[in-house]
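Please read these numbers as outputs of a predicted model, since none were measured by experiment. Side chains are part of it too, since the values below use all heavy atoms of this structure and drop only hydrogens, waters and symmetry mates. All chains are named by letter (A, B, ...) in the order of the sequence lines, taking the proteins before the strands, and each is independently numbered beginning at 1.
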Amino acid sequence: MSVDPPVLEIRDLHAGIDDTPILNGIDLKIESGEIHALMGRNGSGKTTAANIIMGHPEFEVSQGSVELNGKDILEMKPWERARAGVFLSFQYPQAVPGLQVGNFLRKSVAAINGEDAAKGPEFRRTLKSAMAELDMPRSFLGRYVNDGFSGGEKKRFEILQLMLIKPKLAILDETDSGLDIDGIKTVAKGINSAVRGSDSAALIITHYSRILEHVKPDRVHVLIKGRIVKSGGPELALELEERGYDWLIPSGEDSESETVAATKD
Amino acid sequence: MTEQEASTMMTPEEVSTVVGDYKAGWHDPENSTIRFDNGLSEQVVRDISALKDEPEWMTEFRVKAYRHYEKRPMPTWGNMSLLEQIDFDNICYFLRSGEGTETNWDDVPEDIRNTFQKLGIPEAEQKWLSGVTAQYESEAVYHSIREDLVKQGVIFLDMDSGLREYPELVKKWFCSVIPYSDNKFSALNTAVWSGGSFIYVPKGVHVEMPVQAYFRINAKNMGQFERTLIIADEGSSIHYVEGCTAPTYSSDSLHSAVVELIALPGAYIRYSTVQNWSANVYNLVTKRGIAHENATIEWVDGNLGSKLTMKYPSVILKGEGAHAEVISVAYSGKGQHQDTGAKIHHLASNTTSKILSKSISKDGGRGSYRGLVTVSAKAENCKVNVVCDALILDEESRSDTYPTMEVANSTARCEHEASVSKVSDEQLFYLMSRGHAENEALAMIVNGFFEPFTRELPMEYAVELNHLMALEMEGSIG
Ligand SMILES: Nc1ncnc2c1ncn2[C@@H]1O[C@H](COP(=O)(O)OP(=O)(O)O)[C@@H](O)[C@H]1O
Ligand SMILES: [Mg+2]
């Protein structure tokens, strides 16, 4: 048992947009060194949960709390949360034409970890080895952020940022989708090296179990209609792969069996 | 990332230190030695010429131009309602502030010297320029050129001195690219011109570091009408840089320049501008160059300030193999209209041109791009590339494009791309999630949008431009 507060603790989180509820009471606790998976079919609220933890201004939290290392972060701006140690690997990373990758990385590391962390030979070494690990050519640094990147390049670039920023809490929103098996292995290696044996933690959002073969989660949670309806060990991911999500829909709610086939790819 | 790229980006500290009001908006006490009464007449035109002791042909030229100006109606396109508000009778058409053009900053009157110091001109001169002309109101108050360039026969003077010292050269080329009758404002400038630069680069001479002219308006209701003529002889090259600012007043000033460039066979001229007039200045400028065989003319044009700017740098590709580029950015904020663009005429075969226009509008500002590219029937194998991008930062602001291509030869290869985009919340959130505060995130997007332009500027100017942009971005997110 850890005596330190968990890296992430969410209690009874209710949130939505323009009076439409999306999250209906979420509880989640991730201890340091742990990797959890959040699974659920499209539209269940996974990205919304990630956005709310990161501080997306569009969503409104009506109830509950989100704590990072025992400190409530809901009043903090996104950049303050980033500086406090939250990192989100986006499902859809945004392009910023004209902003060079190298410049962006240096500025982001400086903003989050301080000016000193972004200069000198050590930063350059870390950058070089992370890029080698992710199989990225040096010329990547001269490209514009996510501008004209392939799906796989975008995801690898998110992981590169993760490896340089070394956050306390890494949330990876569908980072595995759009990657081939080698890409998934590379990304998994990046996540493992960032979290295992450290005081960091990760939340992997996915609707496939494939990545979970390479990043063995300590816990798997199933999100349906903005609620965590079941939590379990890594075996739960395999069970979902076989049985879909229907059996988990709380009684009294509509079955959506017609969409299950679509989410099993 | 290279050192240059790194240093042209703003640090968070720079963002916060530069935000505030238009920072060049102070004014000095007006210590004019000669100030004409406001308003224009043939007598005013003759008086300006007499005061400068000009040759008679120039006086007659001015008068002819004045008569044309009188008859010529205002443009019937562009922002006519703003144009109509210009009160030509309430403009001062000539104001002399110094005793003459000094070659030592210590001899420049103190107030004026301080102003140019605040604007960083003497410092830039030390660091990275081949020569400087500093114009204050109607005339140059300071001028310098590096000794080695003089020895190579390079002429770099203010235009008044140019006419005095090289009357034959001036007579040969003056109005040869832009006839006074080109438009109402070129006629006005030809009638009352004063100051500006005169440059001649001899055959085969390469002026390695840029020369700079800085134009400062200080007085209220001032009219500044500088006239610039640059002749690059065969196989020579030069980069000319100009900057301009003015105090902020509640009544309007008028800046109406004419710039003519002549690039003889194989010559290269780059003309870079960062225009940052205060928001009460009308900036109505005619700029055009002629490129002979295998010559290149490049206009790099940044428009940040002014109330209304109408400016469409042009190149006539007269000789085979000539090349033209017009790379411009425009920022339109509250109460501003940047009506800018480019014109290229392909008159000869194997000529190529590239237009890149980037504009940002915010707080109800308005940006218009007007482009004209023509390819004449006998010009074979020409290449044209036009890209214009607009970024709109809020719902009140506006951007329009009016691109025209008239291609009379079927061998021409023409490419045209245009885009209008908005800064999205998702883009901002992405950058904020990487530790960047809201204003910083916006500045990163805006810097990125302008990057293809700033890349073309000397580093010092790129830094300056980014600072100015940060200034303009202040308070843009509610
Ligand atoms: N910005 C938004 N505006 C309106 N509705 C949204 C917005 N973001 C998400 N939603 C809605 O919230 C629900 C959950 O979406 P999301 O969190 O993206 O699910 P997931 O990531 O699990 O696929 C969906 O019904 C979606 O339409
Ligand atoms: Mg999602």
Side-chain angles (χ1 to χ4, degrees), chain A residues 50-51 53-59 76-115 117-119 124 127 138 141-142 144-147 154 158 161-162 164-165 167 171 173, chain B residues 1-16 327 329 356 358 360 387 389-391 417 419-456 462 465-466 469 477-478:
Chain A
N51 278 335
I53 299 169
M54 193 72 246
H56 198 303
E58 211 174 7
F59 297 96
M76 289 160 75
K77 299 285 189 191
W79 59 91
E80 293 167 338
R81 299 183 196 204
R83 292 170 194 174
V86 184
F87 177 87
L88 172 58
S89 166
F90 281 64
Q91 183 176 7
Y92 302 111
Q94 297 289 311
V96 187
L99 176 57
Q100 278 180 336
V101 163
N103 239 321
F104 171 67
L105 288 174
R106 193 180 48 75
K107 292 190 81 167
S108 299
V109 170
I112 292 171
N113 298 332
E115 283 292 334
K119 35 179 204 233
R124 280 199 293 276
L127 178 61
R138 227 194 118 62
L141 295 174
Y144 297 149
V145 169
N146 292 315
D147 194 23
K154 283 184 187 168
E158 295 294 285
Q161 294 174 58
L162 167 71
L164 295 178
I165 290 170
I171 305 163
D173 192 359
Chain B
M1 68 206 101
T2 66
E3 285 302 312
Q4 156 142 10
E5 284 149 4
S7 58
T8 57
M9 299 297 291
M10 285 175 298
T11 66
E13 292 73 44
E14 283 169 336
V15 172
S16 57
I327 301 169
V329 300
L356 172 66
K358 297 246 161 197
I360 287 191
V387 176
D389 298 324
L391 185 66
E417 279 172 48
S419 75
V420 178
S421 46
K422 291 187 175 170
V423 173
S424 75
D425 291 345
E426 295 308 314
Q427 229 179 351
L428 284 171
F429 179 58
Y430 184 71
L431 294 174
M432 292 192 295
S433 80
R434 299 310 188 239
H436 307 293
E438 207 165 6
N439 253 0
E440 237 173 332
L442 184 65
M444 286 169 107
I445 295 168
V446 168
N447 278 343
F449 178 76
F450 279 159
E451 200 271 348
F453 175 82
T454 40
R455 191 169 59 199
E456 299 294 328
L465 187 82
N466 279 340
M469 286 316 301
I477 313 179

[X] [atom1] to [Y] [atom2] distance, which is reported to the nearest 0.5 Å:
X       : Y       : atom1 : atom2 : answer
F429(B) : Q94(A)  : CZ    : CD    : 10.5 Å
Q427(B) : N146(A) : CD    : CG    : 10.0 Å
I53(A)  : S433(B) : CD1   : OG    : 13.0 Å
M54(A)  : R434(B) : CE    : CZ    : 7.5 Å
M444(B) : K107(A) : CE    : NZ    : 4.5 Å

### Summary
Sorted by chain and residue number, the side chain to side chain contact (heavy atoms under 4.5 Å, CB included) partners of I112(A) (sequence neighbours excluded) come out as A82(A), I165(A)
### Query
Do the side-chain N and O atoms of Y92(A) and E426(B) include a donor-acceptor pair separated by under 3.5 angstrom?
no
### Message
For F104(A) and H436(B), take the angle between the two ring planes, folded into 0 to 90°, and tell me which bin it lands in: parallel under 30, tilted 30 to 60, perpendicular over 60.
### Response
tilted
Where on [X] is there a heavy atom nearer than 4.5 Å to chain B: the side chain, the backbone, both, or neither?
X       : value
E80(A)  : neither
P167(A) : neither
V145(A) : side chain
A95(A)  : backbone
R83(A)  : side chain

### Task
Name the region of S424(B), side chain, backbone, both or neither, that has any atom closer than 4.5 Å to a heavy atom of chain A.
side chain
### Query
Closest heavy-atom contact between A437(B) and W79(A)?
CA-CD2, 3.4 Å
### Message
Any heavy-atom pair between the side chains of E451(B) and Y144(A) that's under 4.5 Å?
### Response
yes
### Summary
D389(B) meets the side chain to side chain donor-acceptor pair (under 3.5 Å) criterion, sequence neighbours left out, with K358(B), S419(B)
